[in-house]
Amino acid sequence: MTRQPVVALIGATAVGKTALSLSIAEKLNAEIISVDSRQIYRYMDVGTDKVSLSVRREIPHHMIDIIDPDEKFSVADFAEKTSQTVKRIYARKKIPLFVGGTPFYYNALFHASLNSELPSDEDVREKYEALANSQGAELLHMKLAEVDPPTAERLHKNDLRRVTRALEIWDLTGKAPSQIFEEGEKRDYGFDVLYIGLSRSREELFSRIEIRLEQEFSQGFPEEVEWLLKNGWNENFNPLKGLGYRELIDYHRKKITLDEALEGAISRTKAFCRRQQTWFKKFSPAIWFEMSELNNEQEIINTIKNHLNLNEVNK
RNA sequence: GGUGGAAUGGCCGAGUGGUCAAUGGCAACAGACUGUAAAUCUGUCGACGGGAGUCUACCAUGGUUCAAAUCCAUGUUCCACCA
């Protein structure tokens, strides 16, 4: 199978992916595919730092504004839909440029990390969640240890999310997840990625996070959340548990002040930034560029062209 | 000037004679991750050491005691109330 060479711009939140991606997309006549688990949702614009509509008219962006905050959407949905999008972009004789900070999604799309067949059922999941609520997380973990010792061993008993999901899979298939993962076929989309990693010092990243959130808070983020609440969305829907959204919901409920909300959003975003870096460290092949060094854009573009075999054409 | 209260590890804060290198939270750092992933979860967190352990620590100094973050005295700083 010949693999399709593609390029993805990765890096922690606030490193400067977006600005650079626009410039690169313009020069390469590329279309951007957002790899961002929150920009997927409509009506969440300020807090997710979406590119403006007017810019998106100039440079097409995909995987943004595709569903409402209460709709179900999984990594598998993302990977599936995205791979279709890539085909359409190529059909148009343009280049896809992946940009975003959701490592989990990259993992599914480029590293064949997902099983082809893996069922999911809301009701079954809720059954186990309810069990955990009434009987405690430990009991659930013990139950998992009975049906799938390796997975129970791997998962901490407090990690209810994963323990529940493992039991859900077992319940629906009658097989141990560990066995399915080992033997089952993986979803491979046939890409050959090169990661262009953008880096900055922690210190710099943290200060950029602060600045960005302060701006968002003064430029409509609180109002955006107020609007979402008025229209029936709340923290029961996962996307509204995101950075800043959760805090601003508390603010609108008068549980905390606006300053406290900002502070909370900042510190949670910093923690997220660290988590992203933990993932990205392991992404390969990757070439890292230090963003505080100016004028490495041409070098990045050359690297991209090289991977996509666009270089020799003009020479 | 008087009276009362408080000073704890980077920060907040619990602890009132031994089981205290000191609960908890925050921050910081490291990590896990198969359809919720901006979610969810874990570990480290006084210094030195692989560890057993050793040392230095609860404002300062002195004291009581076999033993003090905890009790006493004095001092320093801060807060509240009264003048």
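We name chains A, B, ... by the order of the sequence lines, and we start the count at 1 in each one. We use all heavy atoms of the structure for the numbers below, so side chains are in, but hydrogens, waters and symmetry mates are not. Since this is a predicted model, take the numbers as computed values, not measurements.
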inquiry  = In this structure, how many angstroms lie between the P atom of B/U34 and the CG atom of A/Asp188, rounded?
reply    = 18 Å

key: Base-pairing mate for B/C71 - Watson-Crick or G-U, with both contacts under 3.5 Å   = B/G63

ask   = Taking only N and O in the side chain of A/Lys281, is any of them less than 4.0 Å away from OP1 or OP2 of B/G31?
value = yes

task = Tell me whether A/Phe73 is stacked on the nucleobase of B/U36, counting only the six-membered base ring and applying the 5.5 Å and 30° thresholds.
result = no

query = Closer than 4.0 Å, any side-chain N/O of A/Lys282 to the OP1 or OP2 of B/A32?
reply = yes

query = P atom, B/G13 versus B/A68: distance in rounded Å?
reply = 27 Å

query = Can you tell me how far P in B/G5 sits from the matching atom in B/G10, rounded to whole Å?
reply = 29 Å

ask   = Is the shortest side-chain N/O distance from A/Arg202 to OP1 or OP2 of B/A30 below 4.0 Å?
value = yes

request  = Take the angle between the ring planes of A/Phe191 and A/Phe98 and call it parallel below 30°, perpendicular above 60°, tilted in between.
outcome  = perpendicular

task = Show the numbers, then the answer: is there a side chain to side chain donor-acceptor pair (under 3.5 Å) between A/Glu224 and A/Tyr245?
result = CA-CA 9 Å; A/Glu224 177 170 293; A/Tyr245 287 92; 2.7 Å; yes

message = When you measure from the side-chain N and O atoms of A/Arg187 to the phosphate of B/U34, is any distance below 4.0 Å, counting only OP1 and OP2?
response = no

query = Base, sugar-phosphate, or nothing: which does A/Lys72 touch, judged by heavy atoms less than 4.0 Å apart?
reply = nothing

query = Charged N to carboxylate O below 4.0 Å: is that the case for A/Lys255 and A/Asp250?
reply = yes

request  = Considering only atom C1', compute the distance from B/A32 to B/A22 and round it to an integer number of Å.
outcome  = 30 Å

query = Does A/Tyr43 have its ring centroid less than 6.0 Å away from the ring centroid of A/Trp233?
reply = yes

query = How far, in whole Å, is B/C59 from B/A6 if one measures between their C1' atoms?
reply = 11 Å

remark   = Separation of B/A32 atom P from A/Arg162 atom CZ, nearest Å, is 11 Å

message = What contact category does A/Glu129 fall into here, base, sugar-phosphate, or nothing, at under 4.0 angstrom with non-hydrogen atoms?
response = base

ask   = Start at the 5' end of RNA chain B and walk down; is the nucleotide closest to A/Tyr245 or to A/Arg165 reached first?
value = A/Arg165

inquiry  = Starting the side chain at C-beta, find the nucleotide from B/G35, B/A37, B/A32 nearest to A/Tyr41.
reply    = B/A37

ask   = Is any N or O donor-acceptor pair between the side chain of A/Arg274 and the base of B/G31 shorter than 3.5 Å?
value = no

inquiry  = Measuring only between side-chain heavy atoms, which start at C-beta, is A/Thr151 closer than 4.5 Å to A/Trp170?
reply    = no

ask   = Angle class for the A/Phe283/A/Tyr195 ring planes (parallel below 30°, perpendicular above 60°, tilted otherwise)?
value = tilted

ask   = Of the nucleotides B/G35, B/A37, B/U40, which one has an atom closest to the side chain of A/Thr102?
value = B/A37

request  = Remember a base hit wins even if backbone is also touched, and classify A/Gly184 as base, sugar-phosphate or nothing at under 4.0 Å, heavy atoms.
outcome  = nothing

request  = Could you check how far CD of A/Glu260 sits from P of B/C12, rounded to whole Å?
outcome  = 17 Å

request  = Write down the distance separating the P atoms in B/A21 and B/C58, rounded off to the nearest Å.
outcome  = 14 Å

ask   = Which base, if any, makes a Watson-Crick or G-U wobble pair with B/G10, both distances under 3.5 Å?
value = B/C26

task = Write down the distance between CZ (A/Phe237) and P (B/U36), rounded to a whole number of angstrom.
result = 16 Å

Between B/U40 (P) and A/Arg246 (CZ): distance, integer Å = 4 Å

message = Once hydrogens and angles are ignored, does a donor-acceptor distance under 3.5 Å link the base of B/U36 to the side chain of A/Lys241?
response = no

inquiry  = Using a heavy-atom cut-off of 4.0 Å across all strands, would you classify A/Asn107 as base, sugar-phosphate, or nothing?
reply    = nothing

query = When the C1' atoms of B/A73 and B/U19 are considered, how many whole Å apart are they?
reply = 30 Å

query = Does A/Ser267 have a side-chain nitrogen or oxygen under 4.0 Å from the phosphate oxygens OP1 or OP2 of B/A27?
reply = yes

task = Any chance you could lay out the salt bridge (Lys or Arg N to Asp or Glu O under 4.0 Å) test for A/Arg187 and A/Glu80, step after step, and finish with the verdict?
result = CA-CA 9 Å; A/Arg187 288 175 190 250; A/Glu80 208 59 47; 2.7 Å; yes

query = Are A/Tyr128 and A/Lys143 close enough that some pair of their side-chain heavy atoms sits under 4.5 Å apart?
reply = yes

message = Syn or anti for B/G53? Use the chi torsion, O4'-C1'-N9-C4 for purines and O4'-C1'-N1-C2 for pyrimidines, with syn inside 90° of 0.
response = anti

note = Picking from B/A27, B/A37, B/G35, the nucleotide nearest the side-chain atoms of A/Ser74 would be B/G35

A/Arg56 and A/Asp65 ion-paired at < 4.0 Å = yes

query = Mind checking the P distance from B/C12 to B/C79? Whole angstroms is fine.
reply = 15 Å

remark   = From CG of A/Asn158 across to C1' of B/C33 the rounded distance in Å is 16 Å

inquiry  = Can you identify which nucleotide, out of B/U40, B/U34, B/A30, has its nearest atom closest to the A/Leu118 side chain?
reply    = B/U34

message = What's the gap between B/A30 and B/A7 when it is taken at their C1' atoms, as a whole Å value?
response = 34 Å

ask   = Which part of the nucleic acid, if any, lies within contact of A/Phe206, taking any heavy atom under 4.0 Å across all strands shown: a base, the sugar-phosphate backbone alone, or nothing?
value = sugar-phosphate

Pair partner, B/U54 [Watson-Crick or wobble, under 3.5 Å] = B/A47

key: Integer-rounded Å distance: B/U36 C1' and A/Asp68 CG   = 17 Å

query = Under 4.0 Å between a side-chain N or O of A/Arg125 and OP1 or OP2 of B/U36?
reply = yes

inquiry  = Does A/Ser120 reach a base, just sugar-phosphate, or nothing at all? Heavy atoms under 4.0 Å.
reply    = sugar-phosphate

message = The side chain of A/Asp159 is closest to which nucleotide in this list: B/A30, B/C41, B/C33?
response = B/C41

message = Checking base pairs now: Watson-Crick or wobble, both atom distances under 3.5 Å. What partners B/G4?
response = B/C79

Under 4.0 angstrom between A/Arg154 side-chain N/O and B/U34 OP1 or OP2 = yes

ask   = Can you check the A/Phe280 CZ to B/A32 P distance for me, whole Å?
value = 14 Å

inquiry  = Taking any heavy-atom pair under 4.0 Å as a contact, classify A/Thr164: base, sugar-phosphate, or nothing.
reply    = nothing

